[in-house]
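So the structure is just underneath, and the comments pick up after that.
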Number of protein chains: 2
Amino acid sequence: MSLEKDASIRSEKLLHSFWHVNHCIRRIVQRTALENELTIPQYALLITLAPFEEMTQKQLGKATFFPKSTLSQAVEGLVQAELIQRNPVEDNRREMLLTLSDKGQLLYNKIQSQESSVLKAFELATDSLSEKQYDDLLTSQRQIITLLEEAIERGE
Amino acid sequence: MSLEKDASIRSEKLLHSFWHVNHCIRRIVQRTALENELTIPQYALLITLAPFEEMTQKQLGKATFFPKSTLSQAVEGLVQAELIQRNPVEDNRREMLLTLSDKGQLLYNKIQSQESSVLKAFELATDSLSEKQYDDLLTSQRQIITLLEEAIERGE
DNA sequence: TTCAAACAGTTCCATTACGAACAGTTCTAT
DNA sequence: ATAGAACTGTTCGTAATGGAACTGTTTGAA
């Protein structure tokens with residue numbers, strides 16, 4: 001009994017740790033998104049897309065995990081703001097190819113330079129870890145993700 | 001330049017890993033919350049409160065990171081559903097002491113037994129890690145949290 | 001003592017997020 | 001060739017979210 005309880009306390013601590021990190025990320029993202037007059041999904045899309053310069057909407061969905069309705073509206077906003085271009089994919093008219101515009105590239109440069117951005121915060125965090133700590137962290141998280149995804153599948 | 005780019009790719013990977021874990025957590029929580037006819041905040045409050053049986057609303061806020069408006073409404077819902085009792089703290093009438101009711105305890109037992117709950121999923125995840133992996137993970141994340149919180153403070 | 005500031009929680013409301021139904025496109029099997 | 005299944009993205013309506021202004025309580029300084 002006491003062993004079971006210990007086990008559940010340990011797992012609750014881990015869950016709480018992730019919950020806490022996530023809270024920090026959301027706060028930082030929200031603030032920096034607002035500073036650049038973007039919504040959170042728009043900001044997330046922009047920093048995901050920018051390093052590749054172009055991606056399909058489908059790929060962006062996979063990378064950011066946003067439900068497609070949210071995705072669609074965020075993309076619409078970015079297109080309206082002329083930060084990205086949206087064109088049907090050459091040989092598959094269902095898919096949309098999203099391309100960073102010059103204006104979008106400029107904004108991304110600005111975002112990258114902002115001291116308070118999530119990107120900068122995570123660079124500091126990454127730098128503070130040793131090579132081994134970093135690798136182990138990613139490995140452990142990879143493992144946890146696999147198990148959580150199994151749990152998701154099991155539940156549906 | 002190439003070094004800088006490497007550094008930013010490394011940190012983006014880490015950010016994405018956290019984002020991914022978080023997405024899994026939210027999906028599982030959302031499903032299991034719904035199964036028990038609770039909203040996400042209500043579910044989160046319940047599993048946070050239950051191990052302690054009673055907590056002030058303020059403490060729950062600190063533990064779950066919900067903004068107080070969200071907190072207030074989630075608590076109201078739990079009180080309406082008679083899962084918890086809410087009473088002013090003896091010697092400080094500003095604070096509310098929240099106590100798990102018998103009905104709440106019953107629901108929590110049910111939640112704990114559900115194979116698909118976040119709690120179970122995280123128990124599996126915790127079990128899959130070695131002692132050292134677990135400790136290192138928490139240590140690294142603790143370190144990251146500290147840096148992110150500094151970034152938050154810096155930004156406001 | 002009294003008044004202002006800090007605090008805990010509530011209420012209100014504008015914004016955001018997301019599921020579900022939908023439209024158009026492509027693939028597959030017959 | 002064609003029907004139907006699977007897919008990509010859009011639209012719409014509902015519900016959740018969280019900031020700001022509020023009420024009542026406590027603290028502390030003059």
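Sequence lines set the chain letters: A, B, ... in the order given, protein chains first and strands last, and positions in each chain run from 1.
Mapping A:Pro67 and B:Glu95 onto DNA chain C by nearest heavy atom places B:Glu95 closer to the 5' end of the strand. Residue B:Glu76 is the one, among B:Glu76 and A:Asp91, whose nearest nucleotide of DNA chain C lies closer to the 5' end (criterion: closest heavy atom).
Atom CZ of B:Arg26 is separated from atom C1' of C:dC18 by 12 Å (rounded to the nearest Å). The CG-P distance, from B:Leu60 to C:dT10, rounds to 12 Å in whole Å. For B:Arg94 and D:dT23, the CZ to P distance is 17 Å, given to the nearest whole Å. Between B:Leu71 atom CG and D:dG18 atom P there is a gap of 11 Å when expressed in whole angstrom units. One interatomic measurement links the two molecules: CG of B:Leu34 to P of C:dC18, which rounds to 14 Å at whole-angstrom precision. Between A:Arg93 atom CZ and D:dT8 atom P the separation is 15 Å, expressed in whole Å. The distance from atom NZ of A:Lys68 to atom P of C:dA21 is 13 Å, rounded to the nearest whole Å. The nearest whole Å value for the distance from the CE atom in B:Met96 to the C1' atom in C:dT11 is 14 Å.
The residue B:Arg86 sits close only to the backbone: its heavy atoms come under 4.0 Å of sugar-phosphate atoms, none of a base. Among the heavy atoms of the strands lying under 4.0 Å from A:Gln30 are primed sugar atoms or P, OP1, OP2 only; no base atom is included.
Note on B:Glu76 versus B:Arg86: salt bridge recorded, some NZ/NE/NH1/NH2 to OD/OE distance being below 4.0 Å.
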If you apply the rule side-chain hydrogen bond (donor to acceptor under 3.5 Å, both in side chains), what do you find for A:His20 with B:Glu149, and how did you get there?
CA-CA 10 Å; A:His20 195 166; B:Glu149 284 182 336; 2.8 Å; yes
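Within the 4.0 Å cut-off from OP1 or OP2 of C:dC18, at least one side-chain nitrogen or oxygen of A:Thr70 is found. The phosphate of C:dG9 (OP1 or OP2) has no side-chain N or O of B:Gln73 nearer than 4.0 angstrom. Residue A:Ser69 has no polar side-chain atom (N or O) positioned under 4.0 Å from OP1 or OP2 of C:dC18. Listed pair B:Gln57 / C:dT10 meets the phosphate criterion, a side-chain N or O lying under 4.0 Å from OP1 or OP2.
A side-chain contact (heavy atoms from CB on, under 4.5 Å) with A:Thr56 is found for exactly one of A:Met96, A:Glu95, A:Arg94, namely A:Glu95.
If you check D:dG9, C:dG9, D:dT17 against the side chain of B:Lys58, the one that comes closest is C:dG9.
Residues A:Phe65 and B:His16 place their aromatic rings such that the two centres sit under 6.0 Å apart.
Classification of the B:Phe18-A:Phe122 ring pair by plane angle, with boundaries at 30° and 60°, yields perpendicular.
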